K.L.:
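One structure, pasted below without further comment.
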Amino acid sequence: MTDFQRARSEEQRGIRRRAILDTTAAMLETMPIGEISLNELSRRVGLAKSNVLRYFESREAILLELLDRAWQQWVTDLPALADAGIDQDAPVSRRAEQFAAVVAGSLAHRRILCDLLSAQAGVLEHNVSPQAAARYKRAAVANVAGIAALARRHLPELGDSAPQLTAAMIMAVGAVWTHARPSPAMLAAYEADPSLTAFKLDFVTALQEVLATLTVGTIARARV
């Protein structure tokens, strides 16, 4: 992955860290989080496992950094999508629906982000040091604040409840993503018994409905 045997400078160490992150991201494109191992990652990146652990303390630490990277890119891309998809002159109920549609649609092709968000609390925040956990949480708070500011700009009716809405939205993304990706056994059950497909979710459609309900509900509570 690199043309040097040992990273001797900060620049070379940065190159090696990016190579580890990029290789992990490529693996996530073709396999679930649970199948990603340090042994396979080390093989693909061309380093001994012990060398990978010099740059990241654990597999979960790598995935948390990838989550932050994907999340930051999403926060960067959202404002333009919101400006295009939300009519500032529309009634608040309509803007709430449009906001939900923009957020849900923006995640349609962000598989890595959704995969990592769905595993964040149950998997990724385990097997990391307190220092790594705190570093990630600070980044997550900043990412939530970025989306909350965007929500407040298009929905000033949220007031101080925008961060609360955003945090709930992030939890909803992970939950809906998990339920919208049934196991092979469940897919076979749907095929064998079509009546069960009532429980089969389309990710964007289901997420949009959940986010719209959360947004309208938060605005209603903010007005009380």
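Just so it is clear, the structure is predicted and the values come from calculations on it, not from any experiment.
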K.L.:
Using side-chain heavy atoms (C-beta onward) and a distance below 4.5 Å, is C114 in contact with V173?
P.N.:
yes
K.L.:
Strictly distance-based, threshold 3.5 Å: is any side-chain N or O of E57 a donor or acceptor partner for the main-chain N or O of S129?
P.N.:
yes
K.L.:
In terms of relative ring orientation, are F203 and W177 parallel, tilted or perpendicular, with 30° and 60° separating the classes?
P.N.:
perpendicular
K.L.:
State, to 0.1 Å, how close P79 and L150 come at their nearest heavy-atom pair, and which atoms those are.
P.N.:
CA-CD1, 3.9 Å
K.L.:
Looking at every heavy atom in both E60 and V123, which two are closest together, and how far apart are they?
P.N.:
CG-O, 3.7 Å
K.L.:
I would like to know whether M186 and L196 meet side chain to side chain contact (heavy atoms under 4.5 Å, CB included); could you show each step before the answer?
P.N.:
CA-CA 9 Å; M186 192 57 65; L196 296 177; 5.8 Å; no
K.L.:
Is any side-chain N of the basic residue among E65 and R69 closer than 4.0 Å to the acidic one's carboxylate O?
P.N.:
no
K.L.:
Please report the closest heavy-atom contact between A148 and T166, naming both atoms and the distance.
P.N.:
CA-OG1, 3.3 Å
K.L.:
With side chains defined as the heavy atoms from C-beta onward, is the minimum distance between R223 and V92 less than 4.5 Å?
P.N.:
yes
K.L.:
Would you call W71 and L66 a side-chain contact if the rule is heavy atoms closer than 4.5 Å?
P.N.:
no
K.L.:
Does R13 make a cation-pi contact with Y55 (under 6.0 Å, within 45 degrees of the axis)?
P.N.:
no
K.L.:
Sub-3.5 Å donor-acceptor pair from the side chain of S161 to the main-chain atoms of Q164, do we have one?
P.N.:
no
K.L.:
Under a 4.5 Å side-chain heavy-atom rule over Ile, Leu, Val, Met, Phe, Trp and Tyr, are V75 and L165 clustered together?
P.N.:
yes
K.L.:
How far apart are the closest heavy atoms of V204 and A104, and which atoms are they?
P.N.:
O-CB, 3.8 Å
K.L.:
Does the distance from a Lys or Arg side-chain N to an Asp or Glu carboxylate O, for R94 and D89, drop under 4.0 Å?
P.N.:
no
K.L.:
Pair R181, D115 - check side chain to side chain contact (heavy atoms under 4.5 Å, CB included), show working.
P.N.:
CA-CA 10 Å; R181 298 176 66 79; D115 265 351; 4.2 Å; yes
K.L.:
As an exercise, state the distance from NE2 of H126 to OG of S58, rounded to the nearest 0.5 Å.
P.N.:
12.0 Å
K.L.:
For the residue pair Q73 and L113, establish whether any side-chain heavy-atom pair is separated by less than 4.5 Å.
P.N.:
no
K.L.:
Identify whether L207 and L81 are in the same connected component of the hydrophobic contact network (ILVMFWY, side-chain heavy atoms under 4.5 Å).
P.N.:
yes
K.L.:
Find the distance between CD1 (I36) and CG (L63) and round it off to the nearest 0.5 Å.
P.N.:
6.0 Å
K.L.:
Are M171 and V144 connected into the same hydrophobic cluster when the rule is that any two of I, L, V, M, F, W, Y join if their side-chain heavy atoms are below 4.5 Å apart?
P.N.:
no
K.L.:
Do the side chain of R95 and the main chain of I86 share a donor and acceptor less than 3.5 angstrom apart?
P.N.:
no
K.L.:
Checking the side chain of T23 only, and the main-chain atoms of I20 only, is there a donor and an acceptor separated by less than 3.5 Å?
P.N.:
no
K.L.:
Any side-chain donor paired with an acceptor under 3.5 Å for Q88 and H154?
P.N.:
yes
K.L.:
How many angstroms lie between CD in Q120 and CG in L64, if you round to the nearest 0.5 Å?
P.N.:
7.5 Å
K.L.:
Would you say I147 and V103 make side-chain contact, with heavy atoms under 4.5 Å?
P.N.:
no
K.L.:
Would you say L78 ends up clustered with V210 if hydrophobic residues are merged whenever their side chains have heavy atoms under 4.5 Å apart, either directly or through other cluster members?
P.N.:
yes
K.L.:
Work out which heavy atom in G85 is nearest to a heavy atom in Q98; give both atom names and the distance.
P.N.:
O-CB, 3.5 Å
K.L.:
If I take atom CZ from residue F99 and atom CG from residue L155, how far apart are they, to the nearest 0.5 angstrom?
P.N.:
6.5 Å
K.L.:
Flag yes if Y190 and V176 sit in one hydrophobic cluster, no otherwise; membership is Ile, Leu, Val, Met, Phe, Trp, Tyr, and two members link when side-chain heavy atoms are under 4.5 Å apart.
P.N.:
no
K.L.:
Provide the closest heavy-atom pair for S42 versus V52 in the form atom of the first, atom of the second, distance.
P.N.:
OG-CG2, 3.5 Å
K.L.:
Is there a side chain to side chain donor-acceptor pair (under 3.5 Å) between N39 and S37 once you walk through the steps?
P.N.:
CA-CA 5 Å; N39 287 334; S37 68; 5.3 Å; no
K.L.:
Just so I know, are the side chains of N143 and W74 near enough to count as touching, which here means a heavy-atom distance under 4.5 Å?
P.N.:
no
K.L.:
Can you list the steps and then say if V128 with Y136 is a side chain to side chain contact (heavy atoms under 4.5 Å, CB included)?
P.N.:
CA-CA 10 Å; V128 292; Y136 165 71; over 6 Å; no
K.L.:
Kindly compute the distance separating CD (E125) from CG (L67), expressed to the nearest 0.5 Å.
P.N.:
9.0 Å
K.L.:
Donor-acceptor check, side chain of D193 to backbone of A189, threshold 3.5 angstrom: yes or no?
P.N.:
no
K.L.:
Could you tell me whether D202 atom CG has more than 12 heavy atoms of other residues or ligands within 6.0 Å of it?
P.N.:
yes
K.L.:
Take R59 and T24, measure what side chain to side chain contact (heavy atoms under 4.5 Å, CB included) needs, and give me the verdict at the end.
P.N.:
CA-CA 10 Å; R59 181 193 79 121; T24 309; over 6 Å; no
K.L.:
Apply salt bridge (charged side-chain N to carboxylate O under 4.0 Å, His left out) to the pair R110 and D77, showing each step before the final yes or no.
P.N.:
CA-CA 12 Å; R110 294 179 187 267; D77 294 343; 2.7 Å; yes
K.L.:
Judged by atom type as modelled, is there a donor-acceptor pair below 3.5 Å linking the side chain of R152 to the main-chain atoms of A162?
P.N.:
no
K.L.:
To the nearest 0.5 Å, what is the distance between CG on L158 and OG1 on T215?
P.N.:
7.0 Å
